[in-house]
Amino acid sequence: MTAPMLEVENLSLHLGEGTRRRLILDGVSFSLKPGESFGLAGESGSGKSTVLRCIAGLYRHWTGTIRLDGEPLAARPEKDRCRLVQMVFQDPYGSLHPRHKIDTILAEPLRIHGMGDVDRRVDRILTQVGLGPRFRYRYPHQLSGGQRQRVAIARALMLEPRILLLDEPTSALDVSIQAEILNLLADLRTELDLTFLLVSHDLAVIEHMCHSLAIMRAGRIVETLSRETLAHGTPEASYTAALIKASERYDRELAGVLARED
Amino acid sequence: MTTSTDPLLSVKNLRVRYVSSRGVMDAVRGVSFDLGREKLAIVGESGSGKSTVGRALLKLLPGSAKVTADTCRFEGTHLLDLSPKAMRKVRGHRISMILQDPKYSLNPLMTVGEQVAEAYRVHHPGARAEARERALAQLAAVKIRDPEHVYGLYPHEISGGMGQRVMIAMMLIPDPALIIADEPTSALDVTVRMQVLAILDDLVKERGLGLIFISHDLNLVKSFCDRVLIMYAGQVVEELKGSELDEAKHPYSRGLLASLPRLGERRERLSVLERKPEWLIEGASR
């Protein structure tokens, strides 16, 4: 029995003040073994991205426990956490500094962490994400969406983290480009022995990428299921079943059922 | 003279060319299709020209775009010959357009009900009280449960799915014969998407409208649309029945389908699309 790489226990989060204070996450728990790929699925507002933001340190006032490689997140110094876990965001047009060259974007984490051998590391990572060193001195606006997302993945990998948090990494891309990015991520996971936590609204993407997944709704986990259960369409919760059906095809009858439940 | 067997819309060799100081760009290169009272999908990746086709039909493209066609006939009139004034009578009244994101397409300073009523008043000036009645009825028709309440809400107070229903209500109130929907459900969650599609589906069946459904989502159009046009680089590379999309023959269509992850059909790797220069040769496919 291997110790979990990432463990989330009873994670809760409130946002807002006074009467507008809302419970955004309500007792979320799951855990990932080293090298595992785990998906969080759900509709907008279900809290799936918020879970990633808590782990990435973008929210700090959550309650519960998050353990990275056995040690509570709260006990780890900030820099230590960054070396262990990195995040890739949804929108490759918004997540790269428009006035920094790719070189600056990729070298920045190395500079902050006092890591040497910058030239070699930047070249190597650019090759690893399938772009090549010739992209070093370009600006993000000279790149296509797929190329930008490759840069965002390269940046996340600069500090050689063990865990990648992927927040809808392909939802802004065309399907043919999505296939390239998903293949790249799968290759990197094997090559670098990474652990993935992937958020997506697209169940087919999650089935393709993840060993198991949790379905979220209104800040809670409705159900945790394996890839096989998802593929066979045999979940326990009726909400999961409806979500799977709605993802597969347009169905006039199901639309009627959903409208009544709404 | 139109008879019931004539198509609602007939387009032959539609071309859109942008001329600028940087050169000439052909966005749409000879697209032809007929539309009856059915759901026709135009699918393709970004930059394939699918949205440009929709906008060209409504003459919504900027002045730098040069639109030509051998035929572009709708209900017996040639759309491209119409004066701007005559076009305003068609646009919104006979042909409506539904856009992708209700967040950006609704006026944030007007209640949604007033916006629906305004769409009626544009074509029926002066009828204020009647417009309100019509707007309420139309909101109910798109399955909004409490129209009186929703009428007075502002766009920021309603959800994305509700916003898209309001947009559809607005487009329907002048009673158009043709709806052009440009990615109407891409911003919506799957369960909400299903309900919005059902509304469009029922409209086509019950009122006999024609629907042009512009989308990048192959999985969706397969089960939703009667016919599918697949566009690549401004051309239609293949035309199929929606239900037969999986039997597509053109290498581009096949490549697109193969690059798509599908539930219950997992493969170790997704195939990556190779783009061949010969696909760009005009007239090669049709």
Side-chain angles (χ1 to χ4, degrees), chain A residues 41-46 130 144-146 170-187 190 200-210 217 227-228 230-234 239 242-262, chain B residues 39 43-48 143-145 159-162 165 185-202 205 213 216-225 232 242-243 252 255-275:
Chain A
E43 302 197 287
S44 16
S46 62
S144 67
T170 58
S171 62
L173 307 173
D174 274 324
V175 287
S176 61
I177 311 299
Q178 162 171 284
E180 292 175 16
I181 297 293
L182 294 182
N183 283 341
L184 170 70
L185 286 169
D187 292 344
T190 328
S200 178
H201 68 281
D202 187 336
L203 288 175
V205 167
I206 292 210
E207 189 210 344
H208 182 75
M209 294 294 290
C210 302
R217 187 186 201 183
R227 169 191 280 163
E228 289 70 31
L230 173 63
H232 298 146
T234 50
Y239 177 69
L243 216 53
I244 294 175
K245 269 196 160 167
S247 309
E248 278 172 337
R249 58 197 318 276
Y250 169 72
D251 178 341
R252 182 65 192 82
E253 251 171 66
L254 178 63
V257 174
L258 291 170
R260 277 194 295 281
E261 280 175 3
D262 209 9
Chain B
K39 292 167 285 181
V43 294
E45 298 190 282
S46 28
S48 62
K143 314 279 189 300
I144 285 175
R145 214 157 298 150
S159 66
M162 180 91 81
R165 278 181 243 188
T185 58
S186 322
L188 306 178
D189 281 325
V190 282
T191 52
V192 182
R193 179 173 86 185
M194 192 74 89
Q195 296 170 47
V196 171
L197 291 176
I199 292 168
L200 290 173
D201 193 14
D202 294 351
K205 285 202 188 101
F213 190 85
H216 68 280
D217 192 333
L218 294 157
N219 246 338
L220 180 64
V221 303
K222 186 170 71 172
S223 50
F224 182 67
C225 292
Y232 175 69
S243 54
Y252 176 72
L256 264 193
L257 287 164
S259 65
L260 197 67
R262 291 190 204 188
L263 270 181
E265 297 171 28
R266 187 170 181 277
R267 292 149 291 169
E268 239 355 272
R269 291 184 74 76
L270 294 166
S271 43
V272 171
L273 189 65
E274 283 174 53
R275 287 155 215 272

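Here is how names work: the chains are called A, B, and so on, in the same order as the sequence lines, proteins then strands, and each is numbered from 1. This is a predicted model, so every value here is computed, not measured.
- Counting heavy-atom pairs closer than 4.5 Å to chain A, the top residue among B/Val190, B/Val221, B/Asn219, B/Leu273 is B/Val190.
- In this structure, the portion of A/Leu182 lying under 4.5 Å from any heavy atom of chain B is its side chain and not its backbone.
- Going from atom CG of A/Leu258 over to atom CZ of B/Arg193 covers 11.5 Å, rounded to the nearest 0.5 Å.
- Residues B/Arg269 and A/Asp187 meet the side-chain proximity criterion, which asks for heavy atoms closer than 4.5 Å.
- Contact of B/Arg275 with chain A is made through the side chain alone, with heavy-atom distances under 4.5 Å.
- Here the side chains of A/Glu248 and B/Ser223 are not in contact, with every heavy-atom distance at 4.5 Å or above.
- To the nearest 0.5 angstrom, B/Gln195 atom CD is 9.0 Å from A/Leu254 atom CG.
- Here the OG1 atom belonging to B/Thr191 is positioned 14.0 Å from the NZ atom belonging to A/Lys245, to the nearest 0.5 angstrom.
- For B/Ser271, the part lying under 4.5 angstrom from a heavy atom of chain A is the backbone only.
- Chain B forms more heavy-atom pairs under 4.5 Å with one residue of A/Ser176, A/Gly45, A/Gly42 than with any other, namely A/Ser176.
- We find the CG-CD1 distance between B/Leu270 and A/Ile181 to be 12.0 Å, quoted to the nearest 0.5 Å.
- Of the two parts of B/Asp202, only the side chain, counted from C-beta on, holds a non-hydrogen atom closer than 4.5 Å to a non-hydrogen atom of chain A.
- From A/Ile177, atom CD1 reaches atom OG of B/Ser46 across 8.0 Å, with rounding to the nearest 0.5 Å.
- Separation of atoms OH (A/Tyr250) and OG1 (B/Thr185) is listed at 11.0 Å; rounding is to 0.5 Å.
- Here the closest non-hydrogen pair linking B/Pro261 and A/His208 is CB-CB, 4.2 Å.
- For B/Arg262, the part lying under 4.5 angstrom from a heavy atom of chain A is the backbone only.
- For B/Met194 against A/Arg249, the heavy-atom pair with the smallest separation is CE-O, 3.3 Å.
- Looking at B/Leu260, only its side chain comes within 4.5 Å of chain A, counting heavy atoms on both sides.
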